[in-house]
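Contents: one structure, followed by commentary.
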Amino acid sequence: MSKLICVYCSSSDRLDAKYYAAAEALGRALAARGWGLVYGGGKVGLMGALARTVKAGGGRVVGVIPQFMCDKELAYDEADELVTVITMRERKMLMEARADAFVALPGGWGTLEEIMEILTLRQLDVIRKPCVFLNQDGFYDELFRFFGKMVEERFNKPTNLSLFEVARTVDETVAFLESNRLPVAEPKWFVTT
Ligand code: AMP
C-alpha cells in the first residue's frame, strides 16, 4: 500500500556529512517502496537532502510550508505538491493529517517540537499512527535518558515509552514502518480523583 511518511529533520546546512547521507538513504528507501514524503517543504539542511532524494527516486514529495519561509526562498519548489500556509501551527496540523507514519531524524528545536507534539497526541490516543526516531549514532540518547527520568519521577507512564520506536539505522527505521506495528496507548492519567 502506498503511504505518505512524515519526516521531521534538521534545516541546518552545517552538519557532519554522515547526517545528509542518512537522510538521503532514507529518501531512497521511501522511494524504492513507492512511499511518498510529507515534510516541512524546505530546500535546506536534511530536509532538502531528503526531499531531493525522494524526488530523484520517483517518489512523491508533499511540502507544507509557511508563506514567510517561501518569501525567504527556503521552499523546495520542485515538490509535487507545495502547500503554503500562514502559521507554523497550520503547517504541523496539515503534515499530521496527511501522514500515515512519523519519523524524526536528528534535528534541533524545530524537529523536537514537531515530534514531541506527535508523542503527546499518541499518549492521549488522539493520533493512532506509528512514530519512530532514527537515533543515528546515539544522537537522541540524552533525550531518552530524560524520558526515563520523567517516568522514574512519575511525570510519565512507563507504558508510554512503547508508543514510539527507536531505530539505529535507516534499515531499522524502514523495517519498523513496514511492520505496521502500532502499540495502543493506555489512559494518560495515573489517578484523576
Ligand atoms: P530544526 O530542527 O530546528 O532545524 O527545524 C526543522 C524543522 O522545523 C523541520 O522539520 C521543519 O518543519 C521546520 N523548519 C525549521 N526551519 C525551517 C526552514 N528554514 N525551512 C523549512 N522548514 C523549517
Side-chain angles (χ1 to χ4, degrees), residues 3-27 29-31 35-55 59-122 127 129-144 146-147 164-167 170 173-174 177:
K3 314 185 201 215
L4 265 191
I5 309 296
C6 179
V7 181
Y8 304 123
C9 59
S10 174
S11 56
S12 172
D13 282 325
R14 307 181 64 184
L15 308 172
D16 188 287
K18 69 181 182 180
Y19 293 114
Y20 304 102
E24 287 163 6
L26 179 64
L30 298 186
W35 298 343
L37 168 72
V38 57
Y39 82 120
K43 66 177 178 187
V44 289
L46 299 185
M47 307 170 73
L50 172 68
R52 284 187 291 274
T53 319
V54 172
K55 183 85 181 147
R60 178 168 181 75
V61 174
V62 179
V64 186
I65 190 159
Q67 187 60 49
F68 75 87
M69 284 187 185
C70 286
D71 296 343
K72 291 185 179 144
E73 298 187 354
L74 291 167
Y76 176 56
D77 293 317
E78 288 75 33
D80 296 285
E81 207 183 318
L82 195 61
V83 185
T84 43
V85 293
I86 304 297
T87 67
M88 297 291 274
R89 286 193 172 136
E90 284 175 86
R91 170 204 236 180
K92 282 192 296 171
M93 195 178 67
L94 275 186
M95 287 197 283
E96 282 163 29
R98 297 287 295 269
D100 293 296
F102 302 90
V103 175
L105 298 185
W109 283 349
T111 302
L112 203 54
E113 195 257 340
E114 292 168 327
I115 196 67
M116 288 314 306
E117 177 165 320
I118 300 304
L119 295 190
T120 312
L121 295 172
R122 285 287 283 127
I127 280 186
K129 298 174 181 177
C131 176
V132 54
F133 284 83
L134 174 51
N135 189 27
Q136 188 178 358
D137 294 336
F139 180 80
Y140 282 115
D141 283 354
E142 281 86 358
L143 181 69
F144 300 141
F146 187 43
F147 287 176
F164 62 91
E165 201 73 17
V166 180
V170 168
T173 306
V174 173
L177 295 174

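Both ligands and their constituent atoms are indexed starting at 1 by order of listing. Because the structure is a prediction, the values reported are computed rather than measured.
You'll find the ring centres of F147 and F164 inside the 6.0 Å limit.
In terms of protein heavy-atom proximity, atom 15 (C) of ligand 1 is closest to S11 OG, 3.8 Å. Looking only at heavy atoms of the protein, atom 18 (C) of ligand 1 is closest to M69 SD, 3.7 Å.
At a threshold of 4.5 Å between non-hydrogen side-chain atoms, the residues V38 and I5 do not count as touching. The closest side-chain heavy-atom distance from F146 to E142 is not below 4.5 Å.
Some N or O of G110 is nearer than 3.5 Å to an N or O of ligand 1, by distance alone. For ligand 1, the polar-atom distance check finds an N/O of E114 within less than 3.5 Å of one of the ligand's N/O atoms.
Using a 4.0 Å cut-off to heavy atoms of Y8, the atoms of ligand 1 that qualify are 10 (O). The distance from ligand 1 to the heavy atoms of V44 drops below 4.0 Å at these ligand atoms: 19 (N). Contact atoms of ligand 1 toward G40: 12 (O) (distance under 4.0 Å to a heavy atom of the residue).
In the candidate list G108, G107, C9, S10, C9 is nearest to atom 6 (C) of ligand 1, counting heavy atoms.
Of all the heavy atoms of E113, none lies under 4.0 Å from any atom of ligand 1, so neither backbone nor side chain is involved. The side chain of L74, and not its backbone, has at least one atom closer than 4.0 Å to an atom of ligand 1 (non-hydrogen atoms only; side chain from C-beta on). The proximity of L112 to ligand 1, defined as any non-hydrogen pair under 4.0 Å, does not occur for either the backbone or the side chain.
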Please tabulate, for the side chains in residues 39-52, all donor-acceptor contacts under 3.5 angstrom to protein atoms that are two or more places apart in sequence or on a different chain.
residue, atom, partner, partner atom, Å
Y39, OH, G42, O, 2.8
K43, NZ, E73, O, 3.0
R52, NH1, K43, O, 3.2

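Taking every heavy atom of both residues into account, V170 and A22 meet most closely at CG2-O, 3.6 Å.
Using 4.0 Å as the threshold, R91 has a heavy atom nearer than that to some atom of ligand 1.
No salt bridge links K129 with E96; every basic N to acidic carboxylate O contact stays at or beyond 4.0 Å. Here K55 does not pair with E78 in a salt bridge; the nearest charged N to carboxylate O distance is not below 4.0 Å.
Of the options V62, L37, D80, L26, a side-chain contact (heavy atoms from CB on, under 4.5 Å) to V54 is made by L37 and by none of the others.
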